[in-house]
**Student:** 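First the structure, then my questions, so here it is.
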Amino acid sequence: MAYKPEDIEDKWREQWAAESLYRARVDWERPKHYALTMLPYPSGDLHIGHWFAMVPSDARARWMRMRGYNVLFPMGFDAFGLPAENAAIQRNIHPWKWTYANIERMRGQLRTMGCMFDWEREAISCTPEYYHWTEWFFKQFYEHGLAYRSEAMVNWSPSLQTVLANEQVIDGKDERTGQPVVQKLMTQWFFAITRYAEQLLDFEQLDWPEPVITMQTNWIGRSEGAKVNFHTEDGDPITVFTTRPDTLWGATFMVLAPEHDLVDRVTTDEQREAVEQYIEQTARATEIERLSTDREKTGVFTGGYAINPVNNEPVPIWIADYVLSSYGTGAIMAVPAHDERDFAFARKYDLTVQPVIQPEGEPDLDGETMEEAYVGPGVMVNSGPFGGTAVTEDKGRKNPGISAVIDYLEEQGIGEESVNYRLRDWLISRQRYWGSPIPMVYPINDEGEIVGDPQPLPDSKLPVVLPEDVEFIPSGRSPLTYHEPFLYTTTKDGERVRRETDTMDTFMCSSWYQLRYLSPQYDEGPFDPQEAAYWLPVDVYTGGAEHATMHLLYTRFFTKAMRDMELFEETAAVMREHGRDPEGLFDEPMMMLRNQGQVLGAERPGDYLLISGSQEGTRWTAERVEVIDRRDAPEDFDGLQGELMRRTENILQVAGGEDGLATVEVPESAEVIIPSMEGEARVDQLKHYLEIQRMSKSKGNVINPDELVEQYGTDTVRTYLMFAFDWQKGGPWDPEGIKGPQRFLNDVWALLVESDLAAESEATDKAMRDLRRATHQTIMRVSDGLESFSFNTSIAALMAFKNTLQSVQNTPVVNTEAWTEAVETLVKLLAPFAPHIAEELWRNHFGHPESVHVQPWPEADEEIAAEDVITLIVQVNGKLRDRIEVPADIDEDAARETALASEKVNLEGEPRKVIYVPGRLVNIVT
RNA sequence: GGGGCGGUGGCGGAAUGGCAGACGCGGCGGACUUAAAAUCCGCUUCCCUCACAGGAGUGUGGGUUCGAAUCCCACCCGCCCUACCA
């Protein structure tokens with residue numbers, strides 16, 4: 001009977017469901033393990049990337065279960081978001097219908113993965129049962145002063161006529177169309193995540209990848225310094241934040257962001273026209289222009305002056321868009337002698353440069369002739385009472401110069417120590433329909449105009465349900481704005497009010513979904529404390545590294561805020577009842593985090609390009625770039641033609657130059673012709689249309705998991721995904737490579753089911769010992785791989801073990817208990833990776849009544865696993881000279897003697913030194 | 001510009017101070033077959049060699065060490081994050 005996955009996989013999945021094998025129930029008698037993998041967006045089709053993320057996580061969860069843990073491994077859908085609404089606009093399908101059809105389809109696909117998901121815990125964020133509590137959380141944040149309304153610049157896409165989320169804007173362009181996005185001022189809802197900045201910098205309890213910690217740390221961007229109070233000549237205060245208070249005596253001008261409140265007041269009549277013109281010009285600038293790398297700094301003098309509080313010198317006040325209104329106080333003191341940006345600005349507009357830090361052992365700095373700002377350490381000069389104070393490269397209080405000046409500012413009452421963060425408050429409102437409603441109302445007058453502050457709806461009115469009969473028009477406003485029955489309601493006092501029509505960022509939903517899984521049907525709160533007390537926190541979280549600074553920061557913030565709002569009190573009480581100490585368990589949502597890499601499409605040829613322009617060796621500067629079908633390649637072409645191999649920004653690497661690879665720079669002025677793109681192409685669009693390897697539908701190299709499952713079966717696809725890559729790294733898909741795991745599972749099947757194992761003679765003790773050694777070494781290797789997320793080495797160990805079993809399958813050892821132990825162990829070790837074939841072999845072939853998935857994980861016996869013969873490595877001066885088989889328990893003297901006796905050592909004279917590494921090698925130093 | 005991660009056979013990858021290339025793909029040779037697929041056996045880092053035996057070798061150059069793919073320094077290349085953050 002041959003191995004036919006189609007005969008066993010569906011069968012076992014049905015059986016497992018019938019037995020509720022994967023139902024996770026609270027059981028205080030057993031240790032718990034909450035394994036979580038990031039929930040998918042219901043885009044319509046399960047991608048190989050989902051498999052790559054979920055299947056190894058499942059294997060590890062299964063392994064934990066076999067090790068005796070009570071494992072929760074849930075699944076759900078992050079079901080609000082833009083694509084559903086775009087489908088509604090483009091194809092006139094209601095987001096509900098579109099989303100539910102997709103979920104239905106993806107559930108089926110998820111089932112074919114053979115994961116141990118507990119489907120009774122499924123949570124879908126777009127259902128009223130779910131977003132009821134997303135709204136409730138909003139209210140909690142609002143009532144605790146953590147949610148507020150304020151004006152903010154948002155990303156506006158003129159081509160899509162809508163506001164975009166930050167994550168949908170890449171390099172100032174809409175990630176989907178590559179069209180520029182502009183900034184627009186709108187009133188928005190914010191969460192005060194910045195209040196938790198300091199706590200979020202503490203990763204002490206977390207076992208998270210170092211790069212994620214670094215990214216979050218950089219994103220939060222803590223900087224230490226001081227706030228210094230300047231005044232205008234008229235006495236208006238202007239506070240600046242600086243990390244370099246030690247350079248205060250060198251502040252020769254001030255710069256305000258063009259949007260700064262005081263701009264209007266300080267501007268003199270002579271300068272007013274220039275200032276207003278500059279403000280208008282900056283407002284028009286798109287994000288791309290603002291971001292362009294070497295853009296020359298621009299600015300305008302306001303005509304006003306401020307007084308430097310340490311020396312009472314008047315300093316001119318300028319405005320410039322290199323000062324951002326959203327960072328610090330939106331105003332800076334400019335110290336051109338010691339800051340590169342200020343220096344460039346000062347030189348351009350001929351402003352005074354006054355050095356106040358003198359590098360030791362160098363000629364005195366001269367503000368007139370300096371060619372660049374000096375940012376290194378030195379001694380303070382021209383700085384009033386601080387002349388001679390040392391300035392180091394340390395930041396903040398650790399720097400003696402900075403520390404001394406901060407003390408001085410505080411004594412004099414002209415400033416104070418201050419810490420500033422790059423992190424901004426979290427903008428959570430979206431002008432969209434398909435998101436969780438914000439449960440707030442506004443008082444209105446008879447004309448329906450908003451006349452007062454927002455008020456929260458009472459809990460009894462929750463959830464605010466999304467109306468279904470809305471019209472989807474891309475107007476830049478939420479479709480809810482046009483829905484009269486939704487828009488107006490009355491309070492319990494009979495007051496007519498208008499509802500908030502913005503909805504929440506979908507990151508709100510995913511900030512607490514790990515709690516909803518605990519009790520998705522619970523209707524007295526977001527989660528059932530009885531469940532939470534047992535399962536929390538998440539022990540292992542897996543997912544893509546792209547969420548490092550958004551989702552993973554938000555969910556940490558959410559958890560800490562919930563703890564401070566005392567939303568875990570009941571849960572803590574239940575924990576105490578069961579003798580579990582709640583201390584520290586609500587500080588972080590997920591204790592361990594691991595990121596998987598990305599599976600890329602099989603390599604395919606890049607676009608074929610025709611390039612005309614000027615040439616210098618292998619470097620080209622393009623005047624015209626055209627993408628053509630390579631079959632249309634002209635034989636005679638005055639320029640460069642070939643396949644696109646690589647691209648970085650506007651630099652293309654094209655195969656087909658005279659020396660193989662040519663480097664082509666495409667300047668802004670170049671003409672770009674891309675047939676697959678609608679409208680006029682620009683250089684900026686190269687990156688959106690000329691990508692070469694990453695997997696995507698438009699490239700035609702998508703791997704379809706459904707087809708793979710049909711062709712090879714779930715177990716083979718699972719095994720291949722875990723075998724072919726370093727999981728944390730990912731890599732390109734090789735369609736041939738899957739044959740390895742396919743042959744492996746076939747061989748395992750054949751070994752156990754098809755071969756006729758009978759031998760006449762008695763097995764030797766050595767044969768049995770060798771087999772048991774292999775068995776126990778395999779247990780160790782497979783376990784180690786699972787522990788460290790090195791799934792590929794676990795499977796390699798299983799393959800090697802299978803090879804060993806094949807090599808002895810025609811020997812008498814097959815009649816021994818050692819063989820029984822070996823094959824039963826093989827099946828148990830295989831179970832987390834290939835759950836269906838393992839179950840079939842366990843129950844149907846071996847005839848065990850209980851599932852293999854509830855068997856205890858085999859324990860390795862170190863003594864059985866120990867080698868009794870080792871290969872002694874003999875080196876001379878660190879170079880390999882010989883390998884000698886010796887008993888494993890050889891002592892040092894015998895090992896040295898054996899090594900020195902080797903013919904291949906062939907030593908002349910006495911060795912200077914002999915290094916002995918027990919059980920490994922002898923290194924003879926001459 | 002700043003920060004992070006990485007670079008090992010034709011390919012995916014093992015090895016984290018001690019036998020480089022486990023395991024697999026592909027390739028080559030052979031068996032089976034009318035033939036192909038599948039399957040089985042053998043070889044497969046490179047150079048030299050009929051073979052044995054050698055030699056070189058983990059991006060490049062230096063260092064530490066009895067010994068370095070692994071640790072340190074510099075450089076080159078790739079990927080990711082960030083981008084006037086005062």
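The chains referred to below are lettered A, B, ... by the order of the sequence lines, with proteins before strands, and numbering in each begins at 1.
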**Student:** Which pairs with one or both residues in residues 322-347 of chain A pass salt bridge (charged side-chain N to carboxylate O under 4.0 Å, His left out), sequence neighbours excluded?
**Tutor:** D339(A)-R341(A)
**Student:** Excluding sequence neighbours, so at least two apart, what forms salt bridge (Lys or Arg N to Asp or Glu O under 4.0 Å) with E892(A)?
**Tutor:** R896(A)
**Student:** Could you list all the side-chain hydrogen bond (donor to acceptor under 3.5 Å, both in side chains) pairs where at least one residue sits in residues 211-220 of chain A, not counting sequence neighbours?
**Tutor:** Q216(A)-R556(A)
**Student:** I'd like a list of close polar pairs between nucleotides 16-19 of chain B and the protein, N/O only, cut-off under 3.5 Å.
**Tutor:**
| residue | atom | partner | partner atom | Å |
| --- | --- | --- | --- | --- |
| G18(B) | N2 | Q875(A) | OE1 | 3.3 |
| G18(B) | N2 | N923(A) | ND2 | 3.3 |
| C19(B) | O2 | R883(A) | NH1 | 2.4 |

**Student:** Nearest to the side chain of P211(A) - G24(B), G4(B), C84(B)?
**Tutor:** G4(B)
**Student:** Map every base of RNA chain B to its dot-bracket character, where paired means a Watson-Crick or G-U wobble contact with both distances under 3.5 Å and | marks a partner outside the strand.
**Tutor:** (((((((..(((.....[....)))((((((.......))))))(((......)))..(((((..]....))))))))))))....
**Student:** Contact list please: residues 242-256 of chain A against RNA chain B, heavy atoms, distance less than 4.0 Å, in numerical order.
**Tutor:** T242(A), T243(A)
**Student:** With a cut-off of 3.5 Å and sequence neighbours excluded, list every side-chain donor-acceptor pair involving residues 875-884 of chain A.
**Tutor:**
| residue | atom | partner | partner atom | Å |
| --- | --- | --- | --- | --- |
| N877(A) | OD1 | T926(A) | N | 3.0 |
| N877(A) | ND2 | T926(A) | OG1 | 3.1 |
| D882(A) | OD2 | S902(A) | OG | 2.6 |

**Student:** List for me each residue that meets salt bridge (Lys or Arg N to Asp or Glu O under 4.0 Å) alongside K227(A), sequence neighbours excluded, and say none if there are none.
**Tutor:** none
**Student:** Sequence neighbours left out, what passes salt bridge (Lys or Arg N to Asp or Glu O under 4.0 Å) with E393(A)? Give chain and number order.
**Tutor:** none
**Student:** Please identify each residue that fulfils salt bridge (Lys or Arg N to Asp or Glu O under 4.0 Å) with K395(A), with sequence neighbours left out.
**Tutor:** none
**Student:** Check nucleotides 53-59 of chain B for protein N or O atoms closer than 3.5 Å to its own N or O atoms and list the pairs.
**Tutor:**
none

**Student:** Using a cutoff of under 3.5 Å, can you pull out all pairs of nitrogen or oxygen atoms linking the protein to nucleotides 12-15 of chain B, with atom names and distances?
**Tutor:**
| residue | atom | partner | partner atom | Å |
| --- | --- | --- | --- | --- |
| G12(B) | O2' | A724(A) | O | 2.2 |
| G13(B) | OP1 | G730(A) | O | 3.0 |
| G13(B) | O3' | N792(A) | ND2 | 3.1 |
| A14(B) | OP1 | N792(A) | ND2 | 3.2 |

